[in-house]
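Chain letters run A, B, ... following the sequence lines, proteins first and then strands; every chain starts at 1.
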Amino acid sequence: MSTSTITTQKVNFKVFRFNADEDYLPYYEDYSMDVTSEEVVLDILNRIKWDHDGSFSYRRSCRHGICGACAIKVNGRSTLACKESMSTMIEYFGNELTIEPLSTKRAVKDMIIDKADFWDKHESVNPYLVADIDEAPTCENLVSLHEAEELNEADLCIQCGACHYACPVTEVNEDFFGPAAFAAAYRFESDIRDSDTDRLKAVNEEKQGVWDCVKCYECAEVCPKEINPIEKITKLHQMSFTSGIAKSNVATRHAVGFKNSIEKHGVLDEGQLVLYSEGPGIVKHIPVALKMFKKGKIIMPWNMPKSDNLDEIQKLVKSSSTAKF
Amino acid sequence: MGKLKYALFTGCTAKQSTPEQMMSTMAVAKKLDIELIELTEASCCGASHLQDYDDFLSLVLNARNIAYAEKHELTMVTICNTCQLNTAMTKHRLDNNAELKAKVNEKLAEVGLEYKGTSLVTHFLYAIIDDFGLDKIKEMVVKPLNRFNIAPFYGCHNIRPSELQNESHKKKENPYNPTSLDDLIIACGGVNVDYEEKNKCCGFHVELQAPHTAAVLSGTAIAGATDQNADMMVTPCPLCHLKLDTQTKHSSEAIGREVSLPVLHMQQMIGLALGCTSEELGLKHHVTEVGFA
Ligand code: SF4
Ligand code: SF4
Ligand code: SF4
Ligand code: SF4
Ligand code: FES
């Protein structure tokens, strides 16, 4: 006897349809179905194909959250179809659900997209181990548990693309590598056996690299494997400082500027941070700064607030700093 | 219910570029009879940028801030999404890693402090919803905002990562379909506007290093609210506020369309509904004029 009861409810689906070979524009098809609490999103895709329209196309292979083929969007949220339960989707969005490919502008046929940009970016971070291998080793190359933990499970990524097509920056800046490529870069950068020297430099380049991440946490939220790409991005930032490859630019100075400010005032000196980060580039901020000044939004240096017990903060900054620039 | 009392972590912005946020926080607390003990010893939380440079230092500094709230034996209330994220993240990491907590405490001991993990950390928005109650706000409204369509702008760092954020909420927030700010708008008598970008990012954190990306994101958000007939936006985050209120020229240029909407801090919206004056709420400190109050 089962303890949990299976419930059924009616759901209306709006499903994205498009065939790049025949259609001039995509359109949405409506389907209404009774959905049970046991089903996953992939079951719905199967039922559309089997019961309604045999031409409906989508990718899937393993049905076990391993191959990474089946990621699509439900109500705009990236989701791994074979893993995501329909009950969760109904709980999130109610009984009117829109099913779309990960990226509608890259659609080839229905749910199937051209993921070339994803793979190109993945490729750019040298997603493999670069190591001088002794071809006739006399014993195993042991990696300690502690060293293996440094990967922070980045190796579990299945390249499904859910995060990549949920990231707002990949939409706006086509050079941006995106969360999955960064997670892959981190996976090898954190591997004790790896000796690649180009990867960390590549992910630090302006425009394509980690410094353009807006820190929205969309990638962490959607990832079906809990890779937490933004956490890896943060670690790549830190690695660029510890390895000494961080160049002095507006992004790196912006990070370091916080420490300088905290050491001086405890609190952040907003004006000084912009000045230190931008250098001469500060001039482009003058028009907005003037408007803000008129509205009493800019504090003069002599009125800069300070934290109470500032000596404690200064002492801690001295004793607890672990990075250099 | 006894009088609500919290340790207030103001963050830096409320003391500098958004003075109106500090003013309205205090005005609303007074109206609601909530006592806020300001943590004047607190340092900056690092805003996720110090975290990119020196993770350990950021943990020590944030643990120190929380330790001061613990001294008062009070829940820490934040009024900035990013302060909330960084403080709550520090708390989460220390509470779940005894070794790390010991390392941090070794440093804090140098200045006679200890992080225990006894204070909760929550954003003022959720303190109001969870502890004060929207029903009570509704009863106290003297100037319902029913003439206005108000677009909630949640700001990433209050809703994602949801697992972390929901640790401190009594009522769970769904990051894909958040309701807290909508509920607050309704409690204040306003009409909540639904639009695509309400739970998206404003781009603030890359304003200096990736200005185009930042401006496209903020421009798209204002345009999204405008297209759903919003008269104004409201946000719980002063950083979102800065982006949406002061950068409309760049935002408009980036998306090729003139956009501009008055943006209220959530405290100002509550204040207006409860009958605070526009002086008390600092409305004159906005770059995009708030013409209606
Ligand atoms: S946190 Fe960064 S990488 Fe992740 S989705 Fe947001 S912008 Fe993209
Ligand atoms: S990080 Fe997660 S969401 Fe992104 S590609 Fe890998 S498994 Fe998919
Ligand atoms: S997030 Fe901003 S406002 Fe909050 S403490 Fe940090 S710098 Fe200050
Ligand atoms: S919406 Fe903008 S300012 Fe607000 S939390 Fe996100 S990035 Fe920060
Ligand atoms: S079918 Fe393989 S991950 Fe879903």
Side-chain angles (χ1 to χ4, degrees), chain A residues 75-77 91-93 168-169 172-173 176 206-207 211-218 220-221 228 234 237-238 241 249-251 254-259 261-262 266-268 270 274 277-278 287-288 291-292 295-299 305 307-309 312-313 315-317 319-323 325, chain B residues 11-13 15-19 40-44 46-57 59-61 64 85 104 107-108 110-113 156-157 160-162 174-177 196 200-201 203-206 208-210 212-214 216-217 242 246-247 249-250 284-287:
Chain A
N75 285 32
R77 175 191 184 252
E91 183 197 318
Y92 273 6
F93 303 117
V169 181
V172 179
N173 167 6
F176 188 63
E206 281 176 65
K207 201 115 165 72
W211 297 103
D212 279 26
C213 161
V214 295
K215 300 164 184 280
C216 66
Y217 283 78
E218 295 273 9
E221 197 66 49
N228 199 348
T234 306
H237 283 131
Q238 294 159 4
F241 288 109
N249 59 33
V250 53
H254 184 240
V256 178
F258 274 81
K259 176 182 161 186
S261 203
I262 291 171
V267 294
L268 178 71
E270 296 172 331
V274 179
S277 307
E278 289 284 13
V288 174
K291 281 193 222 164
M292 289 175 65
K295 300 292 183 169
K297 283 176 152 324
I298 293 192
I299 299 250
S307 303
D308 287 352
N309 302 2
E312 286 175 16
I313 295 169
K315 201 166 165 190
L316 289 173
V317 170
S319 75
S320 310
S321 286
T322 59
F325 184 55
Chain B
C12 320
T13 311
K15 290 298 183 75
Q16 293 173 62
S17 51
T18 57
T40 50
E41 308 88 352
S43 71
C44 169
S48 80
H49 301 291
L50 176 66
Q51 283 73 359
D52 288 342
Y53 176 51
D54 194 333
D55 184 54
F56 184 67
L57 177 61
L59 287 173
V60 171
L61 292 171
R64 175 180 170 277
L85 173 75
V104 165
K107 297 295 173 192
L108 290 181
E110 292 171 9
V111 295
L113 291 168
C156 326
H157 295 168
R160 286 182 293 268
S162 60
N174 171 355
Y176 297 104
N177 199 4
E196 273 257 339
K200 299 285 185 312
C201 182
F204 175 86
H205 293 279
V206 295
L208 299 184
Q209 52 268 45
H212 179 71
T213 301
V216 170
L217 295 183
L242 280 172
T246 70
Q247 300 284 339
K249 186 161 172 282
H250 294 151
K284 66 170 201 274
H285 291 295
H286 292 221
V287 167

Could you tell me whether a side-chain N or O of [X] sits under 3.5 Å from a main-chain N or O of [Y], the two making a donor and an acceptor?
| X | Y | result |
| --- | --- | --- |
| B:Asp54 | A:Ala323 | yes |
| A:Glu270 | B:Gln16 | no |
| B:His285 | A:Lys295 | yes |
| A:Ser307 | B:Ala42 | yes |
| A:Lys291 | B:Thr246 | no |

query = When you check the gap from the basic side-chain N to the acidic O, do B:Glu110 and A:Lys315 get nearer than 4.0 Å?
reply =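 Answer for the salt bridge query: no.
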
Should [X] and [Y] count as side-chain neighbours, where that means a heavy-atom distance under 4.5 Å?
| X | Y | value |
| --- | --- | --- |
| B:Leu61 | A:Ile313 | yes |
| A:Phe325 | B:Tyr53 | yes |
| B:His49 | A:Lys215 | yes |
| A:Phe176 | B:Thr213 | no |
| B:Leu208 | A:Glu278 | yes |

Worksheet entry | chain A contact via B:Lys284 - side chain, backbone, both or neither, heavy atoms under 4.5 Å |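 For B:Lys284, the contact with chain A is made by the backbone alone.
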
Let me know if B:Gln247 has heavy atoms under 4.5 Å from chain A in its side chain, its backbone, both or neither.
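When you check distances to chain A, only side chain atoms of B:Gln247 fall under 4.5 Å.
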
Apply the side-chain hydrogen bond (donor to acceptor under 3.5 Å, both in side chains) test between B:Asp52 and each candidate in A:His254, A:Gln238, A:His237; give the one that qualifies.
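By the side-chain hydrogen bond (donor to acceptor under 3.5 Å, both in side chains) criterion, B:Asp52 pairs with just one of A:His254, A:Gln238, A:His237: A:His237.
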
Note to self: If we define contacts as heavy-atom pairs under 4.5 Å, which of A:Pro305, A:Ala220, A:Ser321 has the most with chain B?
What the structure shows: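 Of A:Pro305, A:Ala220, A:Ser321, A:Ser321 has the most heavy-atom pairs under 4.5 Å with chain B.
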
- Query: Looking at A:Ile298, A:Asn249, A:Val256, A:Asn75, which one has more heavy-atom pairs under 4.5 Å with chain B than the rest?
  - Reply: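 Looking at each of A:Ile298, A:Asn249, A:Val256, A:Asn75 in turn, A:Val256 comes out on top.
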
Can you say whether the rings of A:Tyr92 and B:Tyr176 are parallel (under 30°), tilted (30 to 60°) or perpendicular (over 60°)?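 The arrangement is tilted - the two ring planes meet at 30° to 60°.
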
